[in-house]
Amino acid sequence: MKRFVFVALLSAFAMGAGLASASAASCDTMAMGKDGKALAGAAKSSFVKKCKADACTSKAIDKNGKPLAGAAKASFLKKCEDEA
C-alpha cells in the first residue's frame, strides 16, 4: 500500500512539472490582442508574466491542501514562475 501511494504521488509531481512547462508555452500562444493579432514588445511580456503568475497562484498549496501564505507563498511563486 505504501508503494502504491508513493508511486501515485511521484506520478502527480511528474505530471505537474509537465503541465507547468505546457502552461508556459500556452501563455506565449495565448498572447493575442483584441483584434486577433499576436501581441509584441511590452504588451506581450506583461501578458506572459501575468499569465504565469495566475497559473502558479492556483498551485500554491501546502501538503494539507491549504493555501500557502507569506514567505512560503512568495518563495513558491518565484520558483514556479522561473520554471514556467
Any chance you could measure [X], atom [atom1], to [Y], atom [atom2], to the nearest 0.5 Å?
X   : Y   : atom1 : atom2 : value
D82 : K52 : CG    : NZ    : 8.5 Å
F47 : M30 : CZ    : CE    : 4.5 Å
C56 : K73 : SG    : NZ    : 11.5 Å

Which pairs, with at least one residue in residues 42-51 and sequence neighbours excluded, count as a side-chain hydrogen bond (donor to acceptor under 3.5 Å, both in side chains)? K50-D54
May I have the list of side-chain donor-acceptor pairs in residues 60-69 shorter than 3.5 Å, sequence neighbours left out?
unit_1: D62; atom_1: OD1; unit_2: N64; atom_2: N; d: 3.0
unit_1: D62; atom_1: OD1; unit_2: G65; atom_2: N; d: 3.0
unit_1: D62; atom_1: OD1; unit_2: K66; atom_2: N; d: 2.8

